[in-house]
Amino acid sequence: MTLPAITFSEDQAEAWDQVAALLHGAGIDIDAGDIVGEQGDTTPAMAVVGKAGSGKTMLLARLVKALTDAGVEIVSGDFESRRKRERRTLAVLAPTNKAASVLRNRGVPATTIHRILYTPVYDPEYEKIAEWLAGNGDRPEIEGLTDTALDRAKAFYDTVKSVPGALAAAGLRGSDFIRGWKRREDPLDIGFVDESSMLDEKQLDDLKEIFPTLVLFGDPAQLAPVGQSGEMVFDSFPEARKLTLHRIHRQADDNPILDLAHALGDPQLGFEEFEGMVRDAARRDDRVVMAERVESALMARSPVLVWRNATRIRLIHAFRAAYGAPADELLPGEPLICDGIELPLKHRKKRIDLEARGLIKGAQVIYLGPGRKPGFSRLHVIGSEDPRVSAASIVKIEMPEEEEPFIPFAARMGAAFLHGAAVTIHKAQGSQWENVQVFAPDLWAAARAGRTEAGLALWKRLAYVAITRAEHRLLWVVRNRLARPDGPLTTDDLAAPAAPLELAAEED
C-alpha cells in the first residue's frame with residue numbers, strides 16, 4: 001500500500017501518538033518499525049471518533065501501513081495459514097461488505113466482521129496449494145490437478161493476492177476448497193474497526209473476545225443502531241480512551257457536500273434555512289443538485305434515501321412501474337437488499353456459506369436472473385471480492401398500506417431479500433455511492449415531527465448521514481415525482497470476476 005507523504009494536523013498527530021502508545025504496549029513500535037514484544041498489560045478498546053472529513057480513514061490507512069512496515073501480517077478473511085503461530089497480525093474490519101469495499105477502494109485491505117468471527121474449514125489436500133501460494137510450503141502434487149492448472153493458480157496469485165481466485169483459476173470451486181465454516185476459536189491480535197457507529201454491544205463483546213488490542217473508528221454524528229437508546233458503543237468509553245478529531249480537512253477544490261453536512265451542527269439551524277443553503281450550494285457547484293424529481297436510472301445502483309418506510313415502498317413501486325417490471329418476477333438488473341438468511345438450524349453450514357460470501361443482513365445485491373433450480377437466483381453482491389453467487393432466494397415486495405409483502409417467487413429456504421431501489425437512511429449507514437439522491441420531503445416531515453436523538457434534532461442526524469453517503473454528487477430531491485428512465489435495466493455495468501467461484505448452495 002503506497003501512500004503519499006502527508007503532514008498530520010495537531011489532533012491527528014495526538015491520535016497517532018496515543019494509538020502508537022497502545023500498540024507499543026502490545027509489543028509493536030510503529031515509530032521505529034519494529035516488533036519489540038509486549039511491554040505491559042493490554043489496554044481496553046480505544047476509539048478514534050470524528051465527523052466526516054476529519055481524517056479518520058486517512059489516519060487508519062497510515063496506521064495500517066506502519067503496522068505492515070513493522071512486519072505485522074494482514075488477516076483478510078481470504079486465507080489464514082495455520083503454520084505461523086508466532087506471527088503478529090492485524091485485521092481491518094467493517095460491519096458490511098459495502099463499508100469494507102469503501103476501504104479497499106482507498107487501498108486499505110479490509111474485510112467484514114463476519115468473515116473474522118467465523119473461520120473456514122479447509123479441505124486438507126487443497127489447503128496444501130494455499131500454503132504453497134502463500135510461501136509456506138513446497139509445490140504440492142494433487143491428484144486430479146495438472147501442473148498446468150497449478151501454474152495458472154500461481155500466475156493468478158502472483159498478480160492478485162487472492163487464494164480463492166487462484167484456486168478458481170486452477171478449476172476448483174469454492175466448495176471444493178472450503179468444506180464449511182465454524183465460529184473462531186483462537187484469538188487474533190490487533191483489530192481496527194471502521195464505521196463502528198454501526199456496532200451494537202453484542203458485536204463489541206464478540207470483538208473483544210477475539211482481539212486483545214482493539215481500535216474503533218467512528219462518526220459520533222451518525223445514527224445509533226436501533227435498540228441502543230440513541231447511544232453508540234464508544235459513547236461510554238472514558239475520555240482517555242476516546243480520541244476526537246475536530247479539524248475538518250478539505251481538498252484544494254473545497255467540498256460543498258461536506259460543507260452542508262457540517263452546517264447541520266449548528267443548533268439554531270432550521271430545516272427551511274438549511275434547504276436554502278442546499279439551493280445556494282447548487283447554484284455555485286454542480287456537485288450539489290436541487291432535483292425536482294427522483295432519477296429512476298440512478299435508483300438501480302444507488303437507492304433513494306428516505307426516512308419513512310411508507311415513502312420507501314411507494315418509491316419502489318414507482319421504480320418497478322417505470323421499468324415495466326411484472327408483478328410475478330424480477331427483471332435482471334433490479335437492486336435488492338439482503339434481509340437475512342432464513343434457514344433451519346440443521347442447515348447451519350449452508351447459512352454460514354452464504355454469509356461468508358457476503359449475503360449478510362443489509363448487503364446490497366443486483367439480481368442477474370434465475371438460477372438452475374426453481375427459487376434460486378443468480379446475484380451480484382456489491383462490494384464483495386467474489387461478487388457472483390447463486391443462492392436460494394426469498395424475495396419480498398412490500399405493498400403500500402398492506403402488512404404482508406407480495407412474494408413473486410421463493411425457494412423453501414435461503415436468503416431473504418427486500419427491494420433495494422429505495423432504502424431508509426438508517427440502513428444506508430456504512431455505504432457510499434458516487435451519486436446519492438436524498439428524498440427531502442421525508443426530512444421535512446421529520447423536522448415537523450420535532451423528534452430528537454441523543455440531544456440533536458432527528459432530521460439533522462438523518463440529513464447528516466444521508467448527505468455523507470455521497471462520494472461525488474448529492475441530489476436533494478424536493479418533489480414527490482419520478483423521472484422515467486431513458487432505457488431498459490441492464491447488468492452490463494457489473495463486471496464479472498476473472499474467475500468466478502460457484503457457491504455450493506444449490507444442494508438439496
Side-chain angles (χ1 to χ4, degrees), residues 1-3 15-48 56-94 100 103-104 106-120 122 127 130-137 157 161-163 182-194 196 203-217 241 243 385:
M1 183 168 56
T2 303
L3 298 171
W16 173 281
D17 290 344
Q18 293 199 41
V19 175
L22 171 71
L23 295 172
H24 193 271
I28 302 166
D29 188 337
I30 58 173
D31 292 321
D34 196 14
I35 296 173
V36 295
E38 291 191 13
Q39 304 297 301
D41 296 333
T42 56
T43 301
M46 177 179 288
V48 178
K56 297 186 301 297
T57 302
M58 186 269 281
L59 179 63
L60 186 155
R62 295 285 158 177
L63 288 165
V64 170
K65 184 178 187 305
L67 284 166
T68 54
D69 288 347
V72 176
E73 296 184 28
I74 299 292
V75 175
S76 67
D78 184 349
F79 172 72
E80 288 184 52
S81 173
R82 290 183 280 186
R83 299 189 181 185
K84 302 175 80 173
R85 293 294 187 185
E86 301 305 317
R87 61 182 178 162
R88 301 304 305 269
T89 62
L90 165 70
V92 184
L93 312 176
L103 284 176
R104 289 196 296 270
R106 297 177 181 178
V108 180
T111 188
T112 62
I113 292 172
H114 189 276
R115 284 297 297 265
I116 294 300
L117 290 178
Y118 291 91
T119 58
Y122 301 117
E127 187 175 6
E131 293 287 7
W132 165 59
L133 293 172
N136 302 325
Y157 188 80
K161 299 298 182 185
S162 168
V163 169
K182 65 180 181 178
R183 180 81 179 197
R184 180 179 292 277
E185 297 172 353
D186 299 326
L188 285 173
D189 195 351
I190 301 163
F192 287 172
V193 186
D194 197 28
S196 62
Q203 290 172 312
L204 180 60
D205 290 342
D206 287 342
L207 291 169
K208 285 180 177 178
E209 287 182 7
I210 295 173
F211 296 100
T213 304
L214 188 65
V215 183
L216 310 182
F217 295 79
R241 292 195 285 115
L243 316 174
E385 293 171 292

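Note that the coordinates shown come from a computational prediction; the quantities given were computed from them, not determined experimentally. In what follows, every heavy atom counts, from backbone to side chain, and hydrogens, waters and symmetry copies are set aside.
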Rounded to the nearest 0.5 Å, how far does [atom2] of [Y] lie from [atom1] of [X]?
X	Y	atom1	atom2	value
D69	I30	CG	CD1	10.5 Å
D206	H114	CG	NE2	10.5 Å
L133	Y157	CG	OH	6.5 Å
T112	L117	OG1	CG	8.5 Å
E127	N136	CD	CG	10.5 Å
L204	E209	CG	CD	10.5 Å

So, does T89 use its side chain to make a donor-acceptor pair with the main chain of E73 at under 3.5 Å? no
Output yes when a side-chain donor or acceptor of R241 lies under 3.5 Å from a complementary backbone atom of M46, and no otherwise. no
For residues [X] and [Y], determine if any side-chain heavy atom of one lies less than 4.5 Å from a side-chain heavy atom of the other.
X	Y	answer
L93	T111	yes
V215	L63	no
D194	V92	no
Q18	L22	no
I116	F211	yes
W16	L243	no

So, using salt bridge (charged side-chain N to carboxylate O under 4.0 Å, His left out) as the criterion, who are the partners of D29 when residues are at least two apart? none
Return the set of residues passing salt bridge (charged side-chain N to carboxylate O under 4.0 Å, His left out) with D189 (not counting sequence neighbours), or none when no residue passes.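 Here the qualifying residues are R88.
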Check the pair L67 / F192 against side chain to side chain contact (heavy atoms under 4.5 Å, CB included), numbers first and verdict last. CA-CA 11 Å; L67 284 166; F192 287 172; 3.7 Å; yes
Which heavy-atom pair separates [X] from [Y] by the least distance, and what is that distance?
X	Y	value
A45	K208	CB-CE, 4.2 Å
V64	P109	CG1-CD, 4.2 Å
A110	A100	CB-O, 3.8 Å

